[in-house]
Amino acid sequence: QVQLVESGGGLVQPGGSLRLSCEASGIIFGIYTMAWYRQAPGKQRELVATIDTNDITNLPDSVKGRFTISRDNAKNTVYLQMNSLKPEDTALYYCNAKRTSRPFRGNYWGQGTQVTVSS
């Protein structure tokens, strides 16, 4: 079955950095658009970054210039490098794999990894 396993979350001080990883199994990783989302308590889940099958990335203004998404298809892994972290970045971060065309269409989620930015 499909599994997305996130790692790398933790507690970091404001201004610090973290790198999240998401290793996928059960899918042909290279044909999926990969993304990171986050959800803070009491808020809706929001998109943090996407990277498509051509390594084209998209990030919202709230994290642009601070976060970078990358992928290693040989390792079936997507990364989120987070720099200059702010308290408002505190959230549960989720990995997503999505493909809208056939064959192998699918939309899969990991369980999440907690990121807490606090002094």
Side-chain angles (χ1 to χ4, degrees):
Q1 74 274 21
V2 178
Q3 280 193 310
L4 302 178
V5 180
E6 302 100 333
S7 61
L11 174 63
V12 63
Q13 291 188 341
S17 298
L18 282 175
R19 188 175 85 151
L20 306 183
S21 300
C22 170
E23 184 174 0
S25 60
I27 59 172
I28 304 172
F29 182 79
I31 66 173
Y32 282 77
T33 290
M34 300 302 297
W36 288 95
Y37 288 75
R38 66 186 180 187
Q39 187 167 18
K43 294 188 176 181
Q44 288 188 328
R45 190 174 295 190
E46 63 172 344
L47 178 65
V48 175
T50 63
I51 183 165
D52 70 10
T53 58
N54 295 310
D55 287 346
I56 295 173
T57 64
N58 186 38
L59 295 88
D61 289 343
S62 58
V63 303
K64 196 173 292 184
R66 300 188 298 123
F67 290 11
T68 303
I69 186 170
S70 61
R71 65 191 297 163
D72 185 338
N73 290 344
K75 295 182 178 180
N76 287 359
T77 301
V78 61
Y79 304 98
L80 184 68
Q81 178 67 44
M82 304 185 295
N83 299 327
S84 303
L85 283 161
K86 306 175 181 180
E88 51 264 43
D89 295 317
T90 295
L92 190 60
Y93 282 69
Y94 295 92
C95 177
N96 173 260
K98 187 173 183 178
R99 177 173 167 86
T100 56
S101 59
R102 293 175 175 153
F104 309 115
R105 183 167 57 185
N107 188 24
Y108 305 104
W109 294 91
Q111 293 299 306
T113 185
Q114 179 67 39
V115 172
T116 302
V117 184
S118 174
S119 55

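Quick note: numbers below take in every heavy atom, side chains included, and nothing from hydrogens, waters or symmetry partners. Everything quoted here is computed from the prediction, not taken from an experiment.
- Under the 4.5 Å side-chain heavy-atom criterion for grouping Ile, Leu, Val, Met, Phe, Trp and Tyr, Val48 is connected to Val12 within one hydrophobic cluster.
- For Trp109 and Tyr37, the ring centers sit closer than 6.0 Å to each other.
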Verify side-chain contact (heavy atoms from CB on, under 4.5 Å) between Tyr108 and Asn96, making sure each step is shown before the conclusion. CA-CA 6 Å; Tyr108 305 104; Asn96 173 260; 5.9 Å; no
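- The two residues Met82 and Leu20 have their closest heavy-atom pair at CE-CG, 3.8 Å.
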Practice prompt. Decide side-chain contact (heavy atoms from CB on, under 4.5 Å) for Phe29 and Val78; before the verdict, give the C-alpha distance in whole Å, the side-chain angles of both, and the deciding distance to 0.1 Å.
Written response: CA-CA 10 Å; Phe29 182 79; Val78 61; 4.3 Å; yes
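- Tyr79 and Met34 are assigned to two separate hydrophobic clusters, defined by single-linkage of ILVMFWY side chains at heavy-atom distances under 4.5 Å.
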Q.
What verdict does the side-chain contact (heavy atoms from CB on, under 4.5 Å) test give for Thr33 and Ile51, after you've listed the backbone C-alpha separation in whole Å, the side-chain angles of each residue and the deciding distance to 0.1 Å?
A. CA-CA 6 Å; Thr33 290; Ile51 183 165; over 6 Å; no
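- Note on residues 57-71: pairs passing salt bridge (Lys or Arg N to Asp or Glu O under 4.0 Å), not counting sequence neighbours, are Asp61-Lys64, Arg66-Asp89.
- Under the 4.5 Å side-chain heavy-atom criterion for Ile, Leu, Val, Met, Phe, Trp and Tyr, Leu59 and Tyr93 are members of the same hydrophobic cluster.
- Closest non-hydrogen pair, Leu47 versus Pro60, comes out as O-CG, 3.5 Å.
- Atom CD of Glu88 sits in a crowded spot, with more than 12 heavy atoms from other residues, nucleotides or ligands closer than 6.0 Å.
- Using modelled atom types and a 3.5 Å distance limit, the side chains of Ser17 and Asn83 yield a donor-acceptor pair.
- The salt bridge (Lys or Arg N to Asp or Glu O under 4.0 Å) pairs that include a residue from residues 41-56 are Arg38-Glu46, where partners are two or more places apart or lie in different chains.
- Although no hydrogens or angles enter the test, the distance criterion places no donor-acceptor pair under 3.5 Å between the side chain of Thr50 and the main chain of Ala35.
- Nearest heavy atoms, Ser118 versus Pro14: C-CD, 3.6 Å.
- Taking all atoms of both residues into account, the shortest heavy-atom contact from Ala97 to Ile27 is CB-CD1, 3.9 Å.
- Nearest heavy atom pair, residue Tyr32 against residue Gly106, reads CE2-O, 4.1 Å.
- Nearest heavy atom pair, residue Ala24 against residue Leu4, reads CB-CD2, 3.4 Å.
- Between the side chain of Glu6 and the main chain of Cys95, a donor-acceptor pair closer than 3.5 Å is present.
- At a threshold of 4.5 Å between side-chain heavy atoms, the hydrophobic network of Ile, Leu, Val, Met, Phe, Trp and Tyr places Tyr94 and Val115 in two separate groups.
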**OP:** Start with the C-alpha distance between Thr68 and Leu80, add both sets of side-chain angles, then the distance that settles side-chain contact (heavy atoms from CB on, under 4.5 Å), and finish with yes or no.
**Re:** CA-CA 6 Å; Thr68 303; Leu80 184 68; over 6 Å; no
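- Proximity of a side-chain donor or acceptor of Thr116 to a complementary backbone N or O of Leu11 within less than 3.5 Å is not detected.
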